[in-house]
Amino acid sequence: MTQVNDGWIKTTCAYCGVGCGVEARPLSSGKLEVRGDKSHPSNYGKLCTKGIALGDTVIHDGRLLHPTLKMGSRTEALSWDSATQLVADKFTQAIEQYGRDSVAFYVSGQLLTEDYYVANKLMKGFMGSANIDSNSRLCMASSVVGHKRAFGSDTVPVCYSDLEQAELVVLVGSNLAWCHPVLFQRLRAAKQDNPNLKVVVVDPRETETCNIADMHLSIASGGDVALFNGLLSYLEENEALDTDFIAAHTNGFNETLKVAKSEASIEQKTGLSRCQLDDFYQLFSQTEKVVTVYSQGVNQSSQGSDKVNSILNCHLATGKIGKVGSGPFSVTGQPNAMGGRETGALANTLTAHMEFDNVEHHQLVSDFWQTDCLARQPGLKAIDMFDAMAEGKIKAVWIMATNPMVSLPDSKKIKAALDACPFVVVSDCIADTETSRMADLVLPAQGWSEKSGTVTNSERRISRQRRVLPSPGQAKADWWVISQVAQKMGFGHAFDYIHEGEIFSEYARLTTIGNAHGERDLNLIGLTQLDDRGYSELTPQQWPVQSMQSQPVEQRFFSDGRFFTPDGKARFVAVKHNDPRSQCKSAVPLLLNSGRTRDHWHTMTRTGLSAQLGSHAPEPYVTVHPATAERYQIQPDDVVAICNSQGEVLARCRISDEVSRQQVFMPIHWNSVTAKNSKPCSLIIPNTDIASGQPEFKHTPVNIRPIRFNSSGLVVSKQVLECSAYEYWVRQKVEGGYLYRIESMLTQSKLSLSLQALVDRTSATRLSVLSQSGGAADTMTAYAGEALFAVVSTCQSHNKLDEEVLIEAFHSPESHLLESAVISA
C-alpha cells in the first residue's frame with residue numbers, strides 16, 4: 001500500500017544505506033509529519049535522529065527554483081526548454097569537436113535508481129563514453145573490487161537479520177552507532193536478548209559503537225591487512241579451517257596462506273599487543289556464526305581493496321559465508337549507493353552487473369538499448385575525471401546531486417578543475433553550494449519529499465521512495481531533465497519516458513537478458529510485469545526477485561557454494577600489508593582521521609536546515625587527545641588550525657582520550673556555505689587505491705596549533721548573513737533563523753560595531769535598536785526592521801557568551817528580556 005490510514009504515505013529515508021521505511025503525512029501548515037514504517041523489514045518502525053527530523057528539512061530555505069544561467073556576476077533565469085537545449089548543444093559540440101571522452105557526468109548515491117539508469121544509459125549508450133562516475137567512488141568502490149575479485153560479482157551475501165542471529169559480530173572501520181544507527185539499534189537489542197552474542201570493534205577511535213563492545217581493538221591506521229592476515233595464519237595453525245569448503249568451493253588458498261604467513265611484525269603494524277591479537281583470533285576461530293561488518297574505515301584507504309579481500313579470505317577459509325548468522329557484510333553509506341552499482345553508474349562497470357571486458361555482455365546491452373555507439377572501455381573514475389578536467393581534456397561536465405567541491409580530496413585542485421572546464425552544469429535542489437558556485441548553469445532538481453522512484457539498501461532490498469509534497473518553483477525529477485537533454489541530442493526514441501515506472505520496468509527487463517540460468521546475481525524478472533498500479537504500490541523486494549514478494553523475504557547468496565566466477569568457485573586473493581602512502585614527519589606529526597558526526601549528513605544541505613539536528617554538533621570540531629592538547633598548549637574549546645602542505649582548516653577543539661595521541665578526528669560536513677575554512681577535504685591528499693580509485697580519507701598527516709582571538713560574537717538573524725570578513729564564523733539553523741558564532745582579531749568594541757553594521761546592511765530597511773543590555777565589555781543588542789530581526793552579543797571570550805539567552809531574546813524580543821539578561825565578564 002502506498003497510503004495508510006489518515007493520509008500517511010509510505011516512503012524511504014533519504015540518508016544512509018540502511019534504507020529505513022518511513023511514513024510521512026503533509027500537514028495543513030505545510031509541514032511534514034514523519035514516523036517509522038512498522039511494516040518495513042529494514043527498521044520495523046525505528047528511526048534515527050536524522051530520520052525523525054526529516055520533516056524539519058523540507059522547508060524551502062535556500063531552494064533552487066528555476067534554471068539559471070550564470071555569466072560572471074550576472075544571472076539569467078531560463079525556461080526548461082532553453083536550459084535543456086543549452087546542455088544538449090554544449091555536450092554535442094564538445095563531442096563533435098573533441099571526441100566522446102571530452103564529456104563527463106559526476107552523479108550521486110542521492111539519485112534514485114531510475115535517475116541513475118537514465119544517466120548511465122545516456123552517457124555510455126548514446127554519448128558513447130564511460131565517463132560517468134558516482135560519489136559512491138568515495139564510499140564503496142573498494143568493496144566492489146573486493147567482491148568481484150573474490151566472488152566474481154559485486155555481491156553482498158548477507159541479510160540484516162544475520163546480525164541478530166550471529167554469535168560474534170566484528171565491526172571493522174564502522175561507527176555503526178552514528179553512521180547506520182538503526183542497524184546499531186538492532187544489534188544492541190540482539191545483544192540484550194542474547195548475552196552470548198559477542199561484539200568486537202576494530203577502530204582507531206573509541207566511538208559510540210564501543211558502548212556495546214566486548215572487545216575494542218584500537219588498531220593503528222592502515223593495519224587491517226596485517227590483522228586479518230594474522231587471523232588467517234592463526235586459523236590454519238589452530239586447525240580452525242573448513243578444509244572441505246576450501247577444497248570444494250574455492251581456488252587459490254595455498255598461495256594466499258603462504259603470503260599471509262609471511263606477514264611479519266603484526267603487533268607493530270597493527271599497534272596491538274600479542275594478547276589482544278590472540279584473544280580476537282581465538283574468539284573468531286571458536287565461534288561458528290560470525291558476521292564481519294565493514295565500512296569506510298576499510299574502504300577509504302589506499303589499500304582498501306586489499307583490506308576487503310583480507311576479510312573475505314578469513315570468511316572463505318572458515319566457510320562462514322552463505323549461512324544464517326554468518327558472512328562478510330559491506331554496509332553502504334548512501335541511500336542508493338547500491339542502486340548506482342546495480343545500474344552501472346560507475347565508470348568501470350557497464351550496467352546491470354555486466355562488464356566491459358565481457359564481449360557477450362557488450363552485445364547484449366547494445367542490442368537491448370538499440371545503440372551502435374555503446375562505450376567499449378571503462379571511463380574515468382572520480383579523481384581521474386577531475387584531473388582530466390584540470391588538464392583541459394573534459395570540455396563539459398554535468399554534476400548531479402553531489403557537492404565535489406566539499407567532498408573530494410584536495411579542494412584547491414577541484415576548484416582549478418571546474419575553473420578549467422568550459423561548461424559546468426549542476427543539478428541540485430539547493431541554490432547555494434560550493435559546487436553550484438562554480439557552475440555555468442544550475443538546474444533545479446526535486447528534493448527527497450518530492451521525488452518518486454526506487455532505492456536499494458545494503459541488504460539488496462529495493463524500496464519505493466514516493467512523492468509526498470509538491471515541488472517548489474520549477475524543480476523537476478532528475479530522470480526527466482536527463483531525458484529532455486537526450487531527446488534534444490537526437491536520442492528521443494530511447495528516452496521517451498512518460499513516468500518513472502516505465503524506466504524501472506525497462507531496467508528490470510535489462511537485468512534478465514542473458515541471465516536465464518542465474519549467470520548473474522542481479523535479476524529482477526519477478527518485477528518485469530509490473531503495471532503502473534503495481535509499481536505505485538510496490539512493497540520492499542530483496543533481489544534477486546524471481547517472483548513478486550508479497551511478504552518480506554531473506555535471501556543469502558552462496559548458501560549453495562556456487563559463486564559467479566567462470567568455474568563457480570570463490571577466489572582467495574593473496575594480499576600483503578603496505579604502509580599508507582603518506583607518512584607523518586616532523587612538519588606534520590599527527591594523523592587526521594575524517595568521518596561523520598551523528599546528526600549531520602554529507603555537506604549539510606539537508607540536515608543543516610533542521611534546528612533540532614544542528615544543536616547536537618553546532619560547530620566544526622576536531623577531537624584531540626589530552627596529552628596532545630597539552631603538548632600543543634591547546635585549551636578546551638579553543639579554535640585550532642589544522643594544517644599541512646595542502647592548506648589549513650579551522651575547528652573548535654574537543655579534548656578526549658577517544659582518539660590516540662598521534663591522531664585527531666574531524667567531521668566532514670561543514671564547508672564554506674556553513675563555516676569558514678572548515679572542510680577537512682582541503683587537507684586530504686588525493687592518494688587512491690590503485691584498483692578501486694577510492695581516496696584515502698582516514699590517513700592524512702597534519703600539524704595543529706591554537707589560535708588566540710581578541711573577541712567573540714554571537715548573532716541570531718532571520719536572514720542568512722555574509723560573514724566572510726571575519727576570521728572564524730559558523731552558521732547554525734535555529735527556529736526562525738540562523739545563529740552565527742564568530743571569532744575575531746578585532747577588539748570587542750570594534751567587533752560589536754562591525755556586527756551591528758553587518759545586520760544593518762543585510763536588512764532591506766534601516767534597522768532600529770529595540771533594546772540593549774550589558775556593559776561596555778559585554779553587550780547584547782536587539783534590532784528590528786521590516787525584513788530582518790537580529791540579536792547581537794559580543795564578549796572578549798567565547799566561553800562567556802550565553803547563546804540560550806540570545807536565542808530566547810530572538811524569539812521574545814521584548815525589551816524587558818534583554819534588560820534582565822546577565823552576561824558575566
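Because only heavy atoms are used, hydrogens play no part in the values below, and waters and symmetry mates are left out as well, while side chains stay in. In what follows, residues are counted from 1 in the order of the sequence shown.
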Engineer: Identify the two heavy atoms, one from S692 and one from S305, that lie closest to each other, and give their separation to 0.1 Å.
Structural biologist: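 Where S692 meets S305 most closely, the heavy atoms are CB-OG, 3.5 Å.
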Engineer: Any chance the side chains of R581 and H699 put a donor and an acceptor closer than 3.5 Å?
Structural biologist: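 No donor-acceptor contact under 3.5 Å links the two side chains.
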Engineer: Could you note down all residue pairs passing side-chain hydrogen bond (donor to acceptor under 3.5 Å, both in side chains) where residues 372-386 supplies at least one of them, sequence neighbours left out?
Structural biologist: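 Non-adjacent pairs meeting side-chain hydrogen bond (donor to acceptor under 3.5 Å, both in side chains): zero.
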Engineer: Could you walk me through whether S407 and L138 pass side-chain contact (heavy atoms from CB on, under 4.5 Å), step by step?
Structural biologist: CA-CA 8 Å; S407 56; L138 316 180; 4.0 Å; yes
Engineer: Using ring pair (Phe, Tyr, Trp, His ring centres under 6.0 Å) as the criterion, list what pairs up with F368, not counting sequence neighbours.
Structural biologist: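 Here no residue qualifies.
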Engineer: Are side-chain heavy atoms of W543 and L522 found at a separation under 4.5 Å?
Structural biologist: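 Side-chain contact under 4.5 Å: yes.
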Engineer: If only side-chain N and O atoms count, and only distance matters, is there a donor-acceptor pair under 3.5 Å linking S724 with E722?
Structural biologist: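 Distance-only check passes for E722 and S724.
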Engineer: Do E342 and R460 sit within salt-bridge range, that is, some charged N less than 4.0 Å from a carboxylate O?
Structural biologist: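 A salt bridge is absent here (no side-chain N lies under 4.0 Å from a carboxylate O).
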Engineer: Compare every heavy atom of Q465 with every heavy atom of L112, then report the nearest pair and how far apart it is.
Structural biologist: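 L112 and Q465 have their closest heavy atoms at CD2-OE1, 3.5 Å.
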Engineer: Could you go through T605 and H602, starting from their C-alpha distance and side-chain angles, then the distance that decides it, and tell me whether this counts as side-chain contact (heavy atoms from CB on, under 4.5 Å)?
Structural biologist: CA-CA 8 Å; T605 52; H602 285 196; over 6 Å; no
Engineer: Would you call K393 and D387 a salt bridge, taking side-chain N to carboxylate O under 4.0 Å as the test?
Structural biologist: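 Judged by the 4.0 Å cut-off on N to carboxylate O distance, K393 and D387 do not form a salt bridge.
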Engineer: First locate atom CG of N671, then atom CG of N403, and finally report the distance between them rounded to the nearest 0.5 Å.
Structural biologist: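 Between atom CG of N671 and atom CG of N403 there are 6.0 Å.
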Engineer: Let's go through M127 and L122 carefully: what are the C-alpha distance in whole Å and the side-chain angles of both, what is the deciding distance for side-chain contact (heavy atoms from CB on, under 4.5 Å) to 0.1 Å, and is it a yes or a no?
Structural biologist: CA-CA 6 Å; M127 291 189 185; L122 175 57; 3.9 Å; yes
Engineer: How many angstroms lie between atom CD of E696 and atom CG of N299, to the nearest 0.5 angstrom?
Structural biologist: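 Answer rounded to 0.5 Å: 12.0 Å.
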Engineer: Does a donor on one side chain sit under 3.5 Å from an acceptor on the other, for S143 and S330?
Structural biologist: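 Distance-only check passes for S143 and S330.
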Engineer: Looking at residues at least two apart in the chain, or sitting in another chain, which of them share a salt bridge (Lys or Arg N to Asp or Glu O under 4.0 Å) with K698?
Structural biologist: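 If we apply the salt bridge (Lys or Arg N to Asp or Glu O under 4.0 Å) test to K698, skipping adjacent residues, there are no hits.
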Engineer: Answer yes if the ring centres of H66 and W80 are under 6.0 angstrom apart, and no otherwise.
Structural biologist: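 They do not qualify: ring centres at least 6.0 Å apart.
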Engineer: Output, in order, the C-alpha distance, side-chain angles, deciding distance and verdict of side-chain contact (heavy atoms from CB on, under 4.5 Å) for Q646 and D410.
Structural biologist: CA-CA 7 Å; Q646 301 287 113; D410 193 353; 3.2 Å; yes
Engineer: Are any non-hydrogen side-chain atoms of L683 and C681 less than 4.5 angstrom apart?
Structural biologist: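 With C-beta onward as the side chain, the pair stays apart.
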Engineer: Using the test side chain to side chain donor-acceptor pair (under 3.5 Å), find all partners of Q85 that sit at least two apart in sequence or belong to another chain.
Structural biologist: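 Once residues adjacent in sequence are excluded, the partners of Q85 under the side chain to side chain donor-acceptor pair (under 3.5 Å) criterion are D89.
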Engineer: How close do V573 and N309 get, counting heavy atoms only, and between which atoms?
Structural biologist: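 Nearest pair, atom of V573 first, then N309: CG2-ND2, 3.6 Å.
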Engineer: Measure the spacing between CG of L469 and OG of S449 and express it to the nearest 0.5 Å.
Structural biologist: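 Answer rounded to 0.5 Å: 4.0 Å.
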Engineer: Considering only heavy atoms from C-beta outward, does the side chain of S678 approach that of V649 to under 4.5 Å?
Structural biologist: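 The answer is no, as the side chains (C-beta and beyond) never meet within the 4.5 Å cut-off.
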Engineer: Side chains of residues 416-430: which donor-acceptor partners sit under 3.5 Å, not counting sequence neighbours?
Structural biologist:
{"from": "D419", "atom 1": "OD2", "to": "K415", "atom 2": "NZ", "distance (Å)": "3.1"}
{"from": "S427", "atom 1": "OG", "to": "W398", "atom 2": "NE1", "distance (Å)": "2.8"}
{"from": "D428", "atom 1": "OD1", "to": "I430", "atom 2": "N", "distance (Å)": "3.2"}

Engineer: Which residues satisfy the salt bridge (Lys or Arg N to Asp or Glu O under 4.0 Å) test with E459, sequence neighbours excluded?
Structural biologist: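 For E459, the residues satisfying salt bridge (Lys or Arg N to Asp or Glu O under 4.0 Å) (neighbours in sequence not counted) are R461.
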Engineer: Can you measure from CD (E519) to CG (N515) and round to the nearest 0.5 angstrom?
Structural biologist: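 So the CD of E519 and the CG of N515 are separated by 5.5 Å.
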Engineer: Checking side-chain polar atoms at under 3.5 Å, does S153 have a donor or acceptor matched by the opposite partner on T155?
Structural biologist: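 Indeed, the side chains of S153 and T155 share at least one donor-acceptor pair under 3.5 Å.
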Engineer: Could you tell me whether the side chains of T607 and H600 share a donor-acceptor contact shorter than 3.5 Å?
Structural biologist: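 Yes, a side-chain donor-acceptor pair sits under 3.5 Å.
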Engineer: Closest approach of P444 and L64, non-hydrogen atoms and distance?
Structural biologist: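 In terms of heavy atoms, the two residues are closest at CB-O, 3.3 Å.
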Engineer: Measure the spacing between OG of S452 and CD of E500 and express it to the nearest 0.5 Å.
Structural biologist: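 Answer for the OG-CD pair, S452 versus E500, is 3.5 Å.
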Engineer: Is there a side-chain contact between E506 and K121 (heavy atoms, below 4.5 Å)?
Structural biologist: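 When only atoms from C-beta onward are counted, K121 and E506 do touch, with a gap below 4.5 Å.
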Engineer: At their closest point, which heavy atom of I482 faces which heavy atom of A119, and how far apart are they?
Structural biologist: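 Shortest heavy-atom separation between I482 and A119 comes out as CD1-CB, 3.8 Å.
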Engineer: Return yes if a side-chain donor-acceptor contact under 3.5 Å exists between Q694 and Q300, otherwise no.
Structural biologist: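 Not at all, the side chains of Q694 and Q300 share no donor-acceptor pair under 3.5 Å.
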Engineer: For T75 and T68, does a side-chain donor sit closer than 3.5 Å to a side-chain acceptor?
Structural biologist: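 No - no donor-acceptor pair under 3.5 Å links their side chains.
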Engineer: Do the charged groups of R63 and E450 touch, with an N to O distance under 4.0 Å?
Structural biologist: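 Salt bridge flag = yes for E450 with R63.
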Engineer: Above 12 or not: heavy atoms from other molecules or residues under 6.0 Å from NZ of K90?
Structural biologist: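 Not buried by this count: 12 neighbours or fewer within 6.0 Å.
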Engineer: What residues, two or more places apart in sequence or in another chain, satisfy side chain to side chain donor-acceptor pair (under 3.5 Å) together with S505?
Structural biologist: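 S505 satisfies side chain to side chain donor-acceptor pair (under 3.5 Å) with no residue once adjacent residues are dropped.
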Engineer: Please list, chain by chain and in numerical order, all residues satisfying salt bridge (Lys or Arg N to Asp or Glu O under 4.0 Å) with R149, sequence neighbours excluded.
Structural biologist: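 D306.
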Engineer: Could you check whether any side-chain heavy atom of D133 comes within less than 4.5 Å of a side-chain heavy atom of L380, counting everything from C-beta outward?
Structural biologist: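 D133 does not reach L380 side chain to side chain.
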Engineer: What I'd like to find out is whether the side chain of Q296 reaches to under 4.5 Å of the side chain of F697, using heavy atoms alone.
Structural biologist: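 A side-chain contact is absent here, since even the closest heavy-atom pair is not under 4.5 Å.
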Engineer: Could you pull out the closest heavy-atom pair between Y106 and M385, with the gap in Å?
Structural biologist: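 Looking at all heavy atoms of both residues, the shortest contact is CB-SD, 4.2 Å.
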Engineer: Between N336 and R341, do the side chains contain a donor N or O and an acceptor N or O under 3.5 Å apart?
Structural biologist: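 Side-chain D/A pair, R341 to N336: absent.
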Engineer: Whether the N687 and S302 side chains hold a donor-acceptor pair (N or O, under 3.5 Å, no angle test) is what I'd like checked.
Structural biologist: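 N687 vs S302: no donor-acceptor pair found between side chains.
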Engineer: Should S682 and K679 count as side-chain neighbours, where that means a heavy-atom distance under 4.5 Å?
Structural biologist: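 Yes - at least one pair of side-chain heavy atoms lies under 4.5 Å apart.
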Engineer: Scan the side chains in residues 349-360 for donor-acceptor partners under 3.5 Å anywhere in the protein, sequence neighbours excluded, and list what turns up.
Structural biologist:
{"from": "T349", "atom 1": "OG1", "to": "L346", "atom 2": "O", "distance (Å)": "3.4"}
{"from": "T351", "atom 1": "OG1", "to": "T343", "atom 2": "O", "distance (Å)": "2.6"}
{"from": "H353", "atom 1": "ND1", "to": "D521", "atom 2": "OD1", "distance (Å)": "2.7"}
{"from": "H353", "atom 1": "ND1", "to": "D521", "atom 2": "OD2", "distance (Å)": "3.4"}
{"from": "E355", "atom 1": "OE1", "to": "K148", "atom 2": "NZ", "distance (Å)": "3.1"}
{"from": "E355", "atom 1": "OE2", "to": "K148", "atom 2": "NZ", "distance (Å)": "3.1"}
{"from": "N358", "atom 1": "OD1", "to": "E360", "atom 2": "N", "distance (Å)": "3.0"}
{"from": "N358", "atom 1": "OD1", "to": "H361", "atom 2": "N", "distance (Å)": "3.0"}

Engineer: Holding to ring pair (Phe, Tyr, Trp, His ring centres under 6.0 Å), I want the full list of residues that pass it with Y507, two or more places apart in sequence or in another chain.
Structural biologist: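 Once residues adjacent in sequence are excluded, the partners of Y507 under the ring pair (Phe, Tyr, Trp, His ring centres under 6.0 Å) criterion are Y117.
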Engineer: Once side-chain contact (heavy atoms from CB on, under 4.5 Å) is applied, do any residues pair with T371, and if so which ones, sequence neighbours excluded?
Structural biologist: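 By the side-chain contact (heavy atoms from CB on, under 4.5 Å) rule, T371 matches F126, W369, C373, L374.
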Engineer: Take the angle between the ring planes of Y535 and F504 and call it parallel below 30°, perpendicular above 60°, tilted in between.
Structural biologist: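 Judged by the thresholds at 30° and 60°, the geometry between Y535 and F504 is tilted.
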Engineer: Could you walk me through whether Q110 and N135 pass the side-chain hydrogen bond (donor to acceptor under 3.5 Å, both in side chains) check?
Structural biologist: CA-CA 9 Å; Q110 304 293 305; N135 62 7; over 6 Å; no
Engineer: What I'd like to find out is whether the side chain of T565 reaches to under 4.5 Å of the side chain of F151, using heavy atoms alone.
Structural biologist: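 Result no, sub-4.5 Å side-chain heavy-atom pair not found.
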Engineer: Tell me whether K70 is salt-bridged to D440, with the criterion being a basic N under 4.0 Å from an acidic carboxylate O.
Structural biologist: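 Here K70 does not pair with D440 in a salt bridge, since their nearest N and O are not under 4.0 Å apart.
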Engineer: Tell me, please, which residues at least two apart from W480 pass side chain to side chain donor-acceptor pair (under 3.5 Å).
Structural biologist: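 Scan of W480 (side chain to side chain donor-acceptor pair (under 3.5 Å), adjacent residues dropped) gives none.
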